[in-house]
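Here the structure comes first, spelled out in structure tokens, and everything after it is commentary.
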Amino acid sequence: MTSLFGQPDPAAPPPRPGPGSRFASVVLHRGIEHTPAKSPAPPAARPSHRSAPPSSTSPGAPDAAFTYFIPAGMPEPLPGQLVRVPLGKANTPTSGIVLQVGDAALLGDLPPAKAKPILELTPARINPDLLALAQWLATYYVCPLGMVLQTMLPAAVKKQIGRKRILRYTPLPPSPTTAPAEAALTKPLRAALARLRALPESDFPAEPAALRRLAAISSPSVKRLHAAGLLTESADDTVSARAGAFGEEASTPPPDANAAPAPPAPRLTPTPDQARALASLVPALGSFSAHLLRGITGSGKTEVYLRLIEHLLAARPSATAIVLVPEIALTPQTSRRFLDRFGSGSVAVLHSGLTQAQRNAQWTACAKGQVRVVVGARSAVFAPVPTLGLVIVDEEHDSSYKQDQLPRYHARDVAVKRAHLANCPVLLGSATPSLESWANTRPHSPSTPRARYHLHELTTRAGNARLPEVRIVDLLDERRARAQQPGGWRDRHLHLLGPTLEKAIARTLADRGQVMLLLNRRGYANYISCPDPNCGWVMHCNHCDATVVYHKAAGVDRSGVPIPGGFVRCHHCLAELLLPTACPTCARRPNTFGLGTQRVEEELQRKFLPDFGITIGQTLLRLDADTMTTGADYFHALDRFAKGEVRILLGTQMIAKGLDFPNVALVGVINADTALSLPDFRAAERTFQLVCQVAGRAGRADRPGLVIVQTASPTAEPIVLAAAHDYTTFANNELACRAAVGLPPIGRMARIVCRDRDLDRATAHAADLAHALTEARDALPDPQSVRIRGPMPCPISRIDDHHRQAIELLSSSRGTLQGLLAGLRAQGLLLSDTHTAIDVDPIALL
Ligand SMILES: [Zn+2]
Ligand SMILES: [Zn+2]
């Protein structure tokens, strides 16, 4: 006998399907990320007919669903429900998601007697539109469905952390059907049942504790009466998370937890731009349409989001909005505004600082429709809200929306699909939209003359603020100017700050203004080499085909032990070594070359300590992945900058993300060329975005800002146009360039990387795949429509001792590319496994 949601009685014989049994096809959560050869023993059940391919020889094949029967007494599961099922000869309990429920036809040609039972139902369920979304993701991103479902359901939900089940009981009235069971009861149990029946109906269903109090019945007696079929049982699941599911503690990064709530920001009258955007966005609520809001930095995009959500909630009180932000820890100011506007009781902020129980509580509250607004990073696109009314993707160009492991999805594109399935609008916002989104606002071709996305623009800054003046300085000129200064020729220091930037910093500090400096490279130096040109030794990682980065120790390591002289780290495999004291071939003392935030930090202190008291860690803070290890570090740093304790904030792209500090009068870009030289067709786009975004941090209030961009390529288009704040020209020129060579977003791209410890195996695997792809391509009606490049070594041809070979596919048609990949996958020739990474719409090509 299986109680509701309960475990089967271990002593009972294994249940078998009967004539009227019902069946469910279930996608399993394990054994799918490996190649079929490595997957566990095949289960007795066979892949259902819905799955592709229905091959019993490859249980690890993508999307394999297995059919189980629903034992008598177990309620019928719903599609999307998380269940436990037996797997393999050992019947290992394994979790899976129900895809479909039906009769014996689901079994195909498997004899019903061989089907195994579902062991347990859990209350966690993926709702139907998310199930459809998962199936789309699995197909589009060539990823096993089980893996996608796994991603959608956080581990805390699967394990039901923090869940409490409350069981309640109701006695059955006396009747001919209950008579035999009653007759078999012992005398005390019969008396107990009589006492229960004497209680008023309003007391039921009642918990065992209440029954003990009201009718002096012990818990074992309750269980026995229930086992005899004389009490009905109902279960209620609640998830409690200490500190409150939506309290301040759970919703905001830790340092803010005890702060008094900020007074609500005064409601500003929308700017004419904002009013115009809202006037065209509000009528779009209620059905699917896609919108791009391009608003220059400081133009008030967030206010448009807030007001649009207000309209949604007023019109449809049951609807929920999902707001995606690049990284919660990096966008505390944005999250704060949503909490202030809608109240912490109706906003769920999903961030990495949540405990497991809080995460489960948040998820459950979303699933129960108790939340009006969900704010979160990438994975919040899967928030299980039942009635989705609006999806917003803020800073939609941000690369953190792309997941770089399975499933390799792009949350912006998934957001558009999710809105489509939920039939609600999606709004993408950015000052520097990705070319993918920008291209969607243009008519595509004579056959698709209408743009896919509606474009809304905010072209003026809110509150009369002006865009900052951007000055490009040529690093070569700066070097000359430095040399001509008194004593210049004898100056042995390495200067990453040229005289122009240096003077501007001094002037800003003298005026009590604050400074932000960007250098998108961590560490002290990224090039360690022998000073003897005849030797030519350059330090490489032992495990990667890459140079290593020298980090000057910040004093002590994690265990408090001082590290003399610093260490060398590979930024690809994270291996660490000591800085060699001598060249391994000629024994000279190595040089450390190149840029890094640590080196700038040192230079700033050297130059500005005497006059302005600029001190590392005090008035000068460095924000990069080395100093900011938790969201709390970041929060503290920004808090100190906001209070004015910190005068100079130096950092990587972290400081370019949507921060708003009114006293920032100067922004400096130490070297705009770091991204420009990467072997990636998006190098120009990244450079433009980075320079534009960081420039936008200057001059936010009534104070006009100045931006100084140091570069060795002062005439490079992305830099010149970013300095002119001219997104449209940049985007249209860049689109034309990409179109000319068929690159994304005009052409569609998929990239396959074969990796193996053995170079020959990696090469052979890639060659086999390229051969299969070429054959499949040549069989297409129009073979010219797909270009195959490779196999070729990746730009970083070895990472962590794995050799890497890439194949790139380009097509003018997304459908053709999908069909090609799906066909090979169905034949089992192309699987996402430990040796093969398939990346559809890749954003990094290293
Ligand atoms: Zn390495
Ligand atoms: Zn040497």
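All values below come from the heavy atoms of this structure, side chains included, with hydrogens, waters and symmetry mates left out. We count ligands from 1, going down the list as the structure has it; atoms in each ligand are counted the same way. Everything quoted here is computed from the prediction, not taken from an experiment.
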Quiz item: Are Asp841 and Arg412 close enough for a salt bridge, meaning some N to O gap below 4.0 Å?
Solution: no
Quiz prompt | CD1-NE2 distance between Ile799 and His543, expressed to the nearest 0.5 angstrom | solution = 13.0 Å
Practice problem: Decide, yes or no, whether a salt bridge links Glu601 with Lys552 under the criterion of side-chain N to carboxylate O below 4.0 Å. | Solution: no
Quiz prompt | salt_bridge(Arg522, Asp624) N-O dist < 4.0 Å | solution = no
Exercise. Check the surroundings of atom OH in Tyr527: do more than 12 heavy atoms from other residues, nucleotides or ligands lie under 6.0 Å from it?
Key: no
Quiz item: Does NE2 belonging to His540 count more than 12 external heavy atoms closer than 6.0 Å?
Solution: yes
Quiz item: Counting only protein atoms, how many N/O/S atoms are less than 2.8 Å away from the Zn ion (ligand 1)?
Solution: 4
Self-check item: Between OG on residue Ser437 and NE2 on residue His397, distance to nearest 0.5 Å
Solution: 10.5 Å
Quiz prompt | Near the Zn ion (ligand 2) (cut-off under 2.8 Å), count of protein N, O or S atoms | solution = 4
Self-check item: Residues Gln818 and Thr139: side-chain donor-acceptor under 3.5 angstrom
Solution: no
Quiz item: Can you tell which of Arg606, Lys607, Arg599 makes a side chain to side chain donor-acceptor pair (under 3.5 Å) with Glu603?
Solution: Lys607
